[in-house]
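What follows is a short report on a single structure.
Source: prediction; values computed, not measured. Both backbone and side-chain heavy atoms feed into the values below; hydrogens, waters and symmetry mates do not.
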Amino acid sequence: MPARADVPAPVAQETRARTEGPAATGDDGSGGLIIFLNGTSSSGKSSIARELLAVLEEPYFHLPVDAFHAMRTRREADPAALPGILRRTWRGYHRAVAGMAAAGNNVVVDHVLSEDWRLPDCLGLFPPGDVVLVGVRCSLEELERRERARGDRPAGLAARQYGRVHAHGQYDIECDTTTTDAAECARRIGDFLPHRPRPTAFERLRATLRPGLPSPDA
């Protein structure tokens, strides 16, 4: 049934989905896949995420944490209150990602695991069998060059994150954007998806870092 000219296409598509039967995912209780890109600021995560949306056949949502920070009021916060505000923003972001995936949506996340609590929080929220953990690496020299060129990040941010974001040590797949462009990284990730081994990196990390948690896959 073609969309009526006076009905926006997304509304028409939603109407067809309601009248023609359940969606392929979500309505039957299955969750979506989470492609979890982790790397420092300026490592190229957002560029890879955009390329993934272009090359992957199934629908995916790119949920960047920067979009959540951008939704916050522009009023300058009390410096003493800022750490709590940022932590609540990140916690809310994690739960928004979990909610989208639980509804059956495939999600691409670009993340910075630079605080010790962030990974354990995600391990407690995301079904570990449905997460593809991607290490996005880049040389410090190139990170600092990009940081200077973009001009919208505090000087030295990538260097401060550099020794922390990959400290957990386990990934399903890694890419190095020092010499590999975002489109090629996205193609490699896309080629990897049908052949994901088990246990996943999230399953291994969960067993190590959050062993007492009941499985969200159950």
With side-chain contact (heavy atoms from CB on, under 4.5 Å) as the test, would you mind laying out the steps for Asp116 and Arg164 before giving the verdict? CA-CA 9 Å; Asp116 291 342; Arg164 305 184 67 180; 3.8 Å; yes
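- The closest side-chain donor-acceptor pair between His69 and Arg72 falls under 3.5 angstrom.
- Taken to the nearest 0.5 Å, the CG atom of Leu209 stands 12.0 Å off from the SG atom of Cys122.
- Under the side-chain hydrogen bond (donor to acceptor under 3.5 Å, both in side chains) criterion, the residue pairs touching residues 47-57 are Ser47-Arg50, with sequence neighbours excluded.
- By the 4.5 Å heavy-atom criterion applied to side chains, Asp110 and Val108 are not counted as neighbours.
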Going through the distances and angles, do Leu119 and Asn38 end up as a side-chain contact (heavy atoms from CB on, under 4.5 Å)? CA-CA 10 Å; Leu119 178 56; Asn38 174 57; over 6 Å; no
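- With hydrogens and angles left out, the side-chain atoms of Ser42 and Arg153 include no donor and acceptor closer than 3.5 Å.
- The aromatic rings of His166 and His168 sit tilted, their planes meeting at an angle between 30° and 60°.
- Between Phe126 and Phe202, the ring planes are parallel. Angles under 30° get that label, and only those over 60° would be called perpendicular.
- Both Val97 and Val65 sit in one connected hydrophobic cluster of ILVMFWY residues. Membership requires side-chain heavy atoms under 4.5 Å apart, directly or through other members.
- For CZ of Phe68, the number of neighbouring non-hydrogen atoms (other residues, nucleotides, ligands) closer than 6.0 Å is greater than 12.
- Between Glu141 and Arg145 no salt bridge is recorded (no basic side-chain N to carboxylate O distance below 4.0 Å).
- Taking a cutoff of 4.0 Å between a charged side-chain nitrogen and a carboxylate oxygen, Arg196 and Asp172 do not qualify as a salt bridge.
- Taking the charged nitrogens against the carboxylate oxygens, Glu184 and Arg187 do have a contact shorter than 4.0 Å, which makes a salt bridge.
- Under a cut-off of 6.0 angstrom, the local environment of CZ in Arg75 is sparse, with at most 12 non-hydrogen atoms contributed by other residues, nucleotides or ligands.
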Given the rule in the side-chain contact (heavy atoms from CB on, under 4.5 Å) test, do Lys45 and Val134 qualify, once you have shown the distances and angles that lead to the verdict? CA-CA 10 Å; Lys45 303 181 301 296; Val134 182; over 6 Å; no
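- Classification of the Trp117-His94 ring pair by plane angle, with boundaries at 30° and 60°, yields tilted.
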